[in-house]
Amino acid sequence: ARIWSVNCYTCHGHIAGEQRGPVGEAMGAPSLQSDVYKQRTDGYIFGIIQNGGSDMPRYGYKLSEQEHWDVINYVRFLQGRPLEGFPRPTE
């Protein structure tokens, strides 16, 4: 959550509430709660964090590999989905 709030919140906002951040609202940052982003693989998201995307800057120089996975894990937690290769908790 800390890494998200420092690096991702400005554009993607609080993804649990599907609110965009102040910059993301103006730039049209996607909701990571949409089905499209829920279906993306963890590796795809890692690559976007590392190398950037169409409007997303790259964070490969700024975040460590472990921090990439921390962000992906946080996104998956808020999406209600485990990381790939990890079992879903029993309810």
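Bear in mind the structure is a predicted one, so any value in this text is a computation, not a measurement.
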Do you know which two heavy atoms are closest between A29 and C11, and how far apart they sit? CB-O, 3.5 Å
Shortest non-hydrogen contact from Y37 to S31? CD1-O, 3.6 Å
Could you give the distance from CG (N73) to NE2 (H68), rounded to the nearest 0.5 Å? 14.5 Å
Check step by step if side-chain contact (heavy atoms from CB on, under 4.5 Å) holds for F46 and T41. CA-CA 9 Å; F46 186 97; T41 66; over 6 Å; no
Grouping I, L, V, M, F, W and Y whenever their side-chain heavy atoms are under 4.5 Å apart, do V36 and I48 come out in a common cluster? yes
First locate atom CD1 of I45, then atom CH2 of W69, and finally report the distance between them rounded to the nearest 0.5 Å. 9.0 Å
Using the rule that Ile, Leu, Val, Met, Phe, Trp and Tyr join whenever any side-chain heavy atoms are under 4.5 Å apart, tell me whether M56 and V6 fall into a single cluster. no
Side chains of I49 and I72: does their closest heavy-atom pair fall under 4.5 Å? yes
Carefully, step by step, assess Y59 and N7 under the rule side-chain contact (heavy atoms from CB on, under 4.5 Å). CA-CA 9 Å; Y59 281 83; N7 297 284; 4.0 Å; yes
Within the 4.5 Å heavy-atom criterion, are R58 and Q50 side-chain neighbours or not? no
On a heavy-atom basis, the closest approach of L32 and Q79 is O-NE2, 2.5 Å
Of all the heavy-atom pairs spanning H12 and P30, show the shortest one and how long it is. ND1-O, 3.2 Å
